[in-house]
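One structure is given below, encoded as structure tokens.
Throughout, protein chains are lettered first and strands after them, A, B, ... in sequence-line order, and every chain is numbered starting at 1.
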2 protein chains.
Amino acid sequence: MTARRPTIDDVARLSGVARTTVSRVLNDGPNVRDEVRARVMEAVRALDYKVNPQARSLAGGGSRLLGLVFASDLESEPNSFYHSALELGALRGCLELGYQLVTRHIPLQSADREQQVYDLIATQRCEGLIFTPPYSDDAGLIAEVLRRGCKVVSISPGGAGRGLADGVGMDDEAGGYDIARRLIELGHRRFAFMGGIEGHLSADRRLDGLMRALSEAGLGDADLIQVRGDFTFRSGVELTPRLLDDPLHPTALVCANDDMAAGALSVVHGRGVKVPQDLSVTGFDDTPVSAIVWPPLTTVHQPLKDMGRRAVALLASRLTGGRAEAEPEFDCLDHAVVERGTAASAP
Amino acid sequence: MTARRPTIDDVARLSGVARTTVSRVLNDGPNVRDEVRARVMEAVRALDYKVNPQARSLAGGGSRLLGLVFASDLESEPNSFYHSALELGALRGCLELGYQLVTRHIPLQSADREQQVYDLIATQRCEGLIFTPPYSDDAGLIAEVLRRGCKVVSISPGGAGRGLADGVGMDDEAGGYDIARRLIELGHRRFAFMGGIEGHLSADRRLDGLMRALSEAGLGDADLIQVRGDFTFRSGVELTPRLLDDPLHPTALVCANDDMAAGALSVVHGRGVKVPQDLSVTGFDDTPVSAIVWPPLTTVHQPLKDMGRRAVALLASRLTGGRAEAEPEFDCLDHAVVERGTAASAP
DNA sequence: TCGTGAATTGGAAGCGCTTCCAACAAAGGC
DNA sequence: GCCTTTGTTGGAAGCGCTTCCAATTCACGA
């Protein structure tokens, strides 16, 4: 039982065509009769054949190098889960598909940030770049990168990034809707929303979803107060008092990410308010933070690892597949409300 | 400027030897004169040559597959930073070195857990396995895996795992010592320690370091109270009251990981105790948790990503390098006390 | 001096794949 | 009906490396 893995030649032999033809089928190449294509795919299935990414990349030429670009400053967020999870997913994808990955943190404040991106293409020879927010909405940058022949995938693009290049993300509006819907089911009628920084589109869409759920339930602006934080625990701490002291007396506090929700929770505890009996609090993203607060946070799961992996897959299909010049595509991954301990019936 | 990367043939040409000989030098092979070896290395440096991992793995044969084994149950910790960081590092290493990685979570409670590990070797054809705690101290398992011809690296082995196979980790004893030392410098004399589950060797060593620092400062058992948690936020919450109410009235609380420290912090806030003015609290590991509590946690940085990467490098050197049959080696990475906001002068 | 074995080096095949180019077949154009 | 065009398929080279095996060199004892 040597159990050698089948090679492309095995597939060729079984389906009675040349190796070249199999390769063509595998890479979505043109000029293959449907009948032949089907026969080859059949053989692939029968043998459970998987291409050897090492061999493919050796033969294929090109740098096979992708870049993952973050806007954050590593100094200030050395161990962020958001970055880790996205990179983890991207790396998994690269390993599967035979690509290399370089990860670059380019702070928004860098004067030469655009140049740093172009260097990734010119010097490092990246064939594709993955942009995270807010780069993923920088239309000028994306257009220029594309013009230089480098493929692009935007992570969670909100507006501008959407039509320019491929994208992956979740449906933020639906996520906001779902969590609000759940709270409404639990009887809540007075809401507070803690948003993110101005211009962070995907967070804004979470609010849109919340509003839609409210209006469906016959509620309106008068039943919601909102503030903007900056996604940090700290800002959650600072903004929560304003919400608690508002004459509206909200019974549910929806936060645009987990960190702010954790901050809110700590303030709420300090005031002797019981969660979830007196107040429901929800987060967004389902990072490990949601497990280390008490009670554990009810939140919306954002599939970061899958997003990283899908981003690589999209880039790969642009680079070798038949999608080289296809229309930009948005890959919307499933989210889910994760019920833990911070949301309950309205008091 | 085509800037094609130099190949092994370029090196061979420049150093005036055959390609074969270069390969031999690169792989620490035997039977190369020192003079020739030096000449080749010189050429490598001159050309800034880097082996192409894809080509190497293609030619080298073998599965080039490594396995990363966790003991945790994915259901209960779907998004742990510990796992993500370790896997992230391992993936980076794999990409550099041309290996593939499979990650497997095998709960300790599984009746057939050993069988699942052996399947990784027999069915998946892993050539090397990375064991995380507590598998990294399971001498029987490690010995059997080695007997089957599969290489092993233990992450943070405490005792049994240490001499059997290669290992990577940090010096937990020194980490415990350093943080305690810092607190002593700040004038603290009465300590509390929140440890981990029985048998988790690396956490126990953190306590050893703490004790050493205490005794160096002329303090002893009477100046320390300790409890055992299970590394969760929850256990931090539950155990802290016992510590605060102890007649010793500790002024510094050292926790064996960040999650428990976060739990402690939340209880402490609730009681109106000021951190760090009234009480200093420290964590361990420097996970993202340390940034989302308030004040941000002073902790000891554990280089998880580097550990993952080094584990892969060790495996690679066993598999292709000259270390095939060498004595087990322990790769001890640097830790560092990260001063944030929860440690200050004793009241 | 010659033979022998060990140490050292080189030649060449081939890992699994892509891709260039040639070959061939079918389909139109005159 | 013949030539060109277009579509489809196969042959073969070669990506950068490892490794088997043969060739060469060297040291040493007979």
Side-chain angles (χ1 to χ4, degrees), chain A residues 2 4-40 43-44 47 49-65 96-100 127 316 319-322 324, chain B residues 2 4-40 43-44 47 49-65 96-100 127 316 319-322 324:
Chain A
T2 2
R4 195 181 51 84
R5 280 182 48 175
T7 74
I8 193 172
D9 286 319
D10 296 324
V11 176
R13 209 169 308 122
L14 182 60
S15 49
V17 301
R19 183 202 301 180
T20 314
T21 302
V22 177
S23 173
R24 223 171 258 127
V25 171
L26 261 25
N27 292 295
D28 278 330
N31 300 340
V32 182
R33 272 184 307 153
D34 288 347
E35 187 258 316
V36 173
R37 189 182 297 274
R39 193 141 42 88
V40 170
V44 166
L47 294 170
Y49 168 79
K50 302 264 186 302
V51 295
N52 178 331
Q54 337 263 9
R56 169 178 276 181
S57 71
L58 220 209
S63 68
R64 289 241 150 198
L65 184 65
E96 273 172 18
L97 268 21
Y99 283 84
Q100 296 282 356
E127 300 180 313
L319 289 168
T320 73
Chain B
T2 3
R4 194 181 52 85
R5 281 183 48 176
T7 74
I8 194 173
D9 285 321
D10 296 324
V11 176
R13 209 168 307 122
L14 182 60
S15 49
V17 300
R19 183 201 299 180
T20 315
T21 303
V22 177
S23 173
R24 226 171 256 127
V25 171
L26 262 24
N27 292 294
D28 277 329
N31 300 342
V32 183
R33 270 184 309 151
D34 286 348
E35 188 258 319
V36 173
R37 187 182 299 273
R39 192 141 43 89
V40 170
V44 166
L47 294 170
Y49 168 79
K50 302 264 187 301
V51 296
N52 178 330
Q54 338 263 11
R56 171 178 274 181
S57 74
L58 220 209
S63 68
R64 288 242 151 198
L65 184 65
E96 273 172 17
L97 268 21
Y99 283 83
Q100 296 281 354
E127 300 180 313
L319 290 168
T320 73

In whole angstrom, what separates [X]'s [atom1] from [N]'s [atom2]?
X     : N      : atom1 : atom2 : result
B:R39 : C:dT8  : CZ    : C1'   : 13 Å
B:L26 : D:dT19 : CG    : C1'   : 14 Å
A:K50 : C:dG16 : NZ    : C1'   : 16 Å
A:R24 : C:dC21 : CZ    : C1'   : 11 Å
A:R56 : D:dG14 : CZ    : C1'   : 18 Å
B:L97 : D:dT18 : CG    : P     : 12 Å
B:L58 : C:dT18 : CG    : P     : 11 Å
B:R37 : C:dA7  : CZ    : C1'   : 13 Å

If you look at every heavy atom in [X] and [Y], which pair is closest and at what distance?
X      : Y     : value
B:V22  : B:A12 : CG2-CA, 3.6 Å
A:Q100 : B:P53 : NE2-CG, 3.9 Å
B:S57  : B:G98 : CB-O, 3.8 Å
B:L97  : B:R64 : O-NH1, 3.2 Å

Quiz item: Base, sugar-phosphate alone, or nothing: which one does B:N31 contact when heavy atoms must sit under 4.0 Å apart?
Solution: base
Quiz item: Is a donor on one side and an acceptor on the other found under 3.5 Å between the side chain of A:R24 and the backbone of A:N31?
Solution: no
Side chain of [X] only, heavy atoms from C-beta on: which candidate in [options] is closest?
X     : options                : value
B:V36 : D:dT19, C:dT9, D:dG16  : C:dT9
A:A18 : D:dT19, D:dG10, D:dG16 : D:dG10
B:T20 : D:dT18, D:dT19, D:dA12 : D:dT19

Practice problem: Measure distances between side-chain N and O atoms of B:R5 and base N and O atoms of D:dG16, and say whether any donor-acceptor pair falls under 3.5 Å. | Solution: no
Quiz prompt | A:T21 side chain near D:dG10 phosphate (N/O to OP1/OP2, under 4.0 Å) | solution =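 So the side chain of A:T21 is within the cut-off, an N or O lying under 4.0 Å from OP1 or OP2 of D:dG10.
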Practice problem: For D:dT18, take OP1 and OP2 only and decide whether either is under 4.0 Å from a side-chain N or O of B:S23. | Solution: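 Result: yes.
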Exercise. Check side chain to side chain contact (heavy atoms under 4.5 Å, CB included) between A:V36 and all other residues, then give those that pass, not counting sequence neighbours.
Key: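 Listed in chain order: A:V17, A:T21, A:V32, A:R33, A:R39, A:V40.
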Exercise. For B:D10, check side chain to side chain contact (heavy atoms under 4.5 Å, CB included) against everything at least two apart and list the hits.
Key: B:R4, B:P6, B:T7, B:R13, B:L47
Quiz item: Pick the nucleotide of DNA chain D nearest each of B:Q54 and A:R33; which residue has the one closer to the 5' end?
Solution: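 By nearest-heavy-atom nucleotide position, the 5'-most residue is A:R33.
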Exercise. Residues of residues 7-16 of chain A with any non-hydrogen atom less than 4.0 angstrom from an atom of DNA chain C: list those, numerically ordered, please.
Key: A:T7, A:I8
